[in-house]
Each structure stands twice: as structure tokens, then as C-alpha cells.
Amino acid sequence: MAATARTMALNLNLVPGGVFPGAWRASGEDAHHFSSLPHYIECAKIAEAGKLDAIFVADMPTWRFKGEFRPFRGLDPTMALSAVAQHTTHLGLIATGSTSYNSVFNLSRRMSTLDHISGGRAGWNIVATAGDDAAMNFGMEQSLDHDARYKRAHEFVEASLQLWDSWADDAWVADKASGVFVDDKRIRHVDYVGEHIKVKGPLNLPRCPQGHPVLVQAGSSDDGIALASRFADIVYSVQHTLDSCMDFRRKVRDRAVAWGRDPNTLRVLPGLINIVAGTEAEALREERELQELHREHYAINALALLIGVPVESLDLNKELPWDLVPADGHGGSQQGHFATLVATAKREKLTVRQILARQGGGMTHVTAVGAPEQVADLMEEWFRAGACDGFNIMPAALPTGAKAFVEAVVPILQKRGLFRTEYPGTTLRDTLGLKRPPVGFSDADYGGPIMRVSAR
């Protein structure tokens with residue numbers, strides 16, 4: 001079955017060791033393995049065997065937690081996925097890259113390189129990184145404020161698109177008879193000038209196989225939705241109820257129309273944390289066992305960071321210190337997670353200890369714990385209701401959870417006509433059912449006078 005507009009898109013979110021922070025402790029594997037390239041390759045092969053759309057690798061350019069008790073994401077995603085590309089043939093490779101702390105030329109070149117290396121399977125997860133700790137790693141005293149980060153992100157993506165189009169599709173001639181390798185007249189300067197981004201161009205390699213890498217964005221703030229609806233092909237979401245995800249998807253699609261886009265070209269994928277076992281009882285037992293391996297010291301620091309309060313203000317046996325919790329987030333890069341967690345904790349009057357237990361089970365994502373049919377039923381309900389276009393699969397433990405999902409849940413989805421049985425082509429755009437974008441400049445723009453292009 002080839003991919004159609006109404007079959008699911010499924011990405012595997014490669015959180016080293018799995019989403020549950022203590023999952024790595026349950027494995028007989030050498031613990032160093034979980035932050036290594038072989039772990040990435042192993043998970044990618046499992047995902048490709050299940051015909052999943054892509055593997056996704058998040059990134060944060062800082063050592064963020066005061067106490068780290070889980071496998072870290074230290075490998076540069078573009079470099080790691082370039083290596084993974086050599087061990088896969090169809091699987092999409094989505095790498096995170098920050099618009100806050102990269103030069104637009106460098107990151108655009110790296111993403112284009114990943115697309116060339118993989119034969120057209122690259123995706124770029126666009127993030128506008130917050131946090132003074134990250135800023136200090138790049139020679140700044142403090143992070144840009146929320147508005148400035150997103151203005152820079154818009155300009156950054158605009159400039160990237162123009163850099164990828166700085167070569168016409170036919171510029172790479174490689175004609176032995178004439179001796180012409182590149183037609184320089186089919187390459188143009190960009191000369192992009194914005195408030196935050198300035199780049200001359202052109203890029204120093206041809207237009208990539210997909211034209212542009214697939215663009216991915218995760219953001220639930222108004223500014224995040226604006227960025228996603230304007231540029232993204234895939235939108236990750238953190239909504240964990242069917243109604244809230246339906247509202248989110250509707251909002252993103254409506255905003256896409258306002259940007260002049262076809263909303264059917266967007267794929268909204270909520271995170272789906274899952275534990276799949278032979279029976280529901282077995283899955284629930286596995287969940288409890290994994291939660292017991294969750295180190296409290298790590299968890300409480302992570303919670304304090306997410307909600308923007310001093311860790312000393314958190315009492316395990318009390319509710320959150322509501323007088324200290326920012327009303328509308330604290331300008332961080334995880335405002336969607338913040339809003340979901342705070343709303344749930346307030347509604348259910350959870351103590352900090354209860355929050356920590358629930359966080360291990362995906363408090364800010366859809367969670368499916370049960371037998372394969374139960375997991376498939378939940379996925380089908382959300383998909384058919386129009387709440388999503390698929391899911392960002394987040395197994396509690398990796399690689400075992402990915403293997404269980406691929407071997408037990410995917411065949412059920414295929415049997416129900418909800419998921420492909422074969423890849424429809426060779427590129428990530430083929431898999432997603434997206435057209436290759438045409439060059440954004442006209443023929444007259446190449447080889448003529450340089451046209452200054454400013455931020456819109």
C-alpha cells in the first residue's frame with residue numbers, strides 16, 4: 001500500500017534509552033551504548049523495518065540538568081544521522097538545528113549535505129533555543145527574548161530557503177564533452193538582509209535531491225504556531241487529549257491557509273509514549289517497573305527547570321508552589337510542555353511526588369500502555385477523528401519498545417488500512433506524499449544582475 005493523504009505518518013523519536021528516564025537501567029546492555037552511534041543505528045534499522053516515515057533526533061546545545069541520571073543526547077544530530085544514512089535506504093532522517101545559535105549559511109549547508117548524503121531523506125527540526133545557559137556557550141550573556149528569537153527564526157528559515165535555491169536545478173552540468181562541470185550562470189547570490197540575519201550566498205553545493213529538506217517544527221505558543229504554519233511540513237505537538245489536539249490541528253491548518261498554503265501539506269504528529277506488551281496487565285507492570293527506576297533527584301531538577309521555579313521551592317508532598325509558577329510560561333523553549341503539565345497538575349491537585357511519577361509516564365504527551373490492539377485502537381480513534389495525521393512514536397524504552405511497536409502494533413495498523421506496507425519512493429517527501437518544491441527564483445533571476453532580497 002502506498003502512502004496516501006489518509007494513511008498515518010509515523011516518526012520514531014530517538015530519545016537515547018527511551019522516554020522513561022530510568023529505562024536504560026532495566027537493560028542488560030552496556031550502559032554506555034545508549035549514548036552511542038550504534039544505538040542510533042540499531043533504532044533506525046528497527047524503524048525502517050516497520051516502514052516508519054522517519055527517525056527524529058532532538059538536540060540542546062547545553063548541559064542543562066544539575067544532576068544527570070539518564071543517557072544524554074550529546075551527538076550532533078546532523079553528523080550522527082549522516083552515519084545512520086549509510087545503514088538505511090528509505091528512512092527519513094530528521095535532525096534538530098537551532099536558529100538561535102547557528103549561522104544560516106553553515107546550518108543550511110549541513111542540512112543540504114545530509115540530504116545529498118542520504119539521497120533525499122533529510123528533515124530539519126527548526127528550534128528557536130531559549131535559556132541563558134545556552135546563550136553563554138555562544139559568547140552571549142543572555143538569551144534573546146521570546147519575540148526576538150522567533151523573528152530571527154522566521155528570517156533564518158527564509159534565508160535558508162533562498163540559499164537552497166541559489167543553484168538552479170540544471171546548474172550542475174557535469175558535461176564531459178564540453179568540459180563544463182557547473183554552469184555558473186545558473187547560480188545566483190542571495191544577498192538576504194534582515195533585522196537578525198544577513199547572508200550573501202550562494203550556497204557552495206547544488207540544490208539537494210528534495211529541493212529543500214523537509215521542514216519540521218514543534219511549538220505550541222502563538223509564535224511557535226505562526227512559524228510552524230508558515231514553513232513546516234511536519235508539526236510536532238504535545239497535546240495529550242483528543243479535543244485539545246483537534247483544536248491545535250485546526251488552528252495550525254487555519255494559520256497555514258492565512259499564509260497562502262494548502263493545509264493538506266501539513267502533517268500534525270502528537271507525541272505518543274507507549275508500552276506494548278502481550279496483555280494490558282503485563283504492560284502496566286512494565287510501566288510500574290520503569291517508573292521505579294526513575295531517579296528522583298534527576299526528575300525534580302528537570303521539573304524545576306521546565307516550570308521555571310527554584311528546585312528548593314519544590315516539596316515532594318505538596319502541590320506546586322503556585323505563587324512562584326509563571327502564569328504564562330517563562331520564555332523557555334518548552335512552553336507547550338509547560339502549559340500541559342501545569343494545567344494537569346492544577347486540575348488534579350497533584351503533589352510534586354505524583355507529578356514526578358506521572359512525568360515518567362508521559363504527562364505531557366498521549367500515553368498508550370497496553371496490548372497491541374489497545375494501542376492501535378487509540379491511534380485509530382485519534383486519526384479518524386481528525387486530531388492528527390499520525391504520531392511521533394516515543395517508546396518508554398529503546399530499542400526494545402520500538403521493536404515491540406513495529407512487530408506488534410504496525411501490522412494491526414497495516415491490516416486496518418491505516419499504514420503503508422511498502423515505501424512509495426526513495427525520498428522523505430515521497431514517503432510523506434509531498435511534492436518536491438520548485439526553485440523559488442525565476443529563470444530571469446539567474447545570470448542577470450544581483451537582486452537584493454530583504455526579509456518580508
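Separating the CD1 atom in I126 from the OG atom in S160 is a distance of 8.0 Å, to the nearest 0.5 Å. Rounding to the nearest 0.5 angstrom, the gap separating the CZ atom in R285 from the CD1 atom in I275 is 11.5 Å. Rounding to the nearest 0.5 Å gives a distance of 8.0 Å between OH of Y101 and CZ of F138. Expressed to the nearest 0.5 Å, how far OG1 of T400 lies from CD of E286 amounts to 6.5 Å. The line from CG of L10 to CZ of R420 is 7.0 Å long, rounded to the nearest 0.5 Å.
Under a 3.5 Å cut-off, the side chain of Y423 and the backbone N or O of L52 do form a donor-acceptor pair. Side chain of N274 to main chain of L272: a donor-acceptor pair is present (N/O by atom type, distance under 3.5 Å, no hydrogens or angles). With R261 contributing its side chain and A232 its backbone, the two residues share a donor-acceptor pair below 3.5 Å. Looking at R249, its side chain does come within 3.5 Å of a backbone N or O of G386 through a donor-acceptor pair. Side chain of N102 to main chain of V104: no donor-acceptor pair is present (N/O by atom type, distance under 3.5 Å, no hydrogens or angles). Checked by atom type and distance alone, the side chain of E380 never pairs as donor or acceptor with a backbone atom of D377 at under 3.5 Å. A donor-acceptor pair under 3.5 Å links the side-chain atoms of E155 to the main chain of I197, judged by distance alone.
Heavy atoms of other residues, nucleotides or ligands lying less than 6.0 angstrom from CD of Q86 number more than 12. Annotation for M136: atom CE counts as buried by contact number, over 12 foreign heavy atoms lying within 6.0 Å.
For the pair R6 and F383, the cation-pi criterion (under 6.0 Å, within 45° of the ring axis) is fulfilled.
Residues L12 and P395 come closest through the heavy atom pair CD1-CD, 3.6 Å. Between L293 and A26, the closest heavy-atom pair is CD1-CB, 3.7 Å. Pairing each heavy atom of V406 with each of I46, the nearest pair is CG2-O, 3.7 Å. Residues W382 and L242 come closest through the heavy atom pair CZ2-N, 3.4 Å. For the residue pair L93 and L81, the shortest heavy atom distance occurs at CD1-O, 3.7 Å.
Ring pair W124/W164 is perpendicular by interplanar angle, where above 60° counts as perpendicular and below 30° as parallel. Using cut-offs of 30° and 60° for the angle between ring planes, the F34 and H39 rings count as perpendicular.
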Could you walk me through whether H90 and R121 pass the side chain to side chain donor-acceptor pair (under 3.5 Å) check?
CA-CA 7 Å; H90 289 78; R121 295 185 281 134; over 6 Å; no
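For the pair D53 and R267, the salt-bridge criterion is not met [side-chain N within less than 4.0 Å of a carboxylate O]. The pair E292-R25 does not count as a salt bridge, with every side-chain nitrogen at least 4.0 angstrom from each carboxylate oxygen. With respect to D233 and R429, a salt bridge is recorded, a charged nitrogen being found less than 4.0 Å from a carboxylate O. We find that K151 and D223 are not joined by a salt bridge, their nearest charged nitrogen and carboxylate oxygen being 4.0 Å or further apart. A salt bridge between D247 and R250 is present, with a side-chain N of the basic residue lying under 4.0 Å from a carboxylate O of the acidic one.
In this structure E373 satisfies the salt bridge (charged side-chain N to carboxylate O under 4.0 Å, His left out) test together with R416, sequence neighbours excluded. In this structure, R347 has no salt bridge (charged side-chain N to carboxylate O under 4.0 Å, His left out) partners at least two apart in sequence or on a different chain.
Applying the side-chain hydrogen bond (donor to acceptor under 3.5 Å, both in side chains) test to residues at least two apart or on different chains, the pairs with a partner in residues 402-411 are K403-E407.
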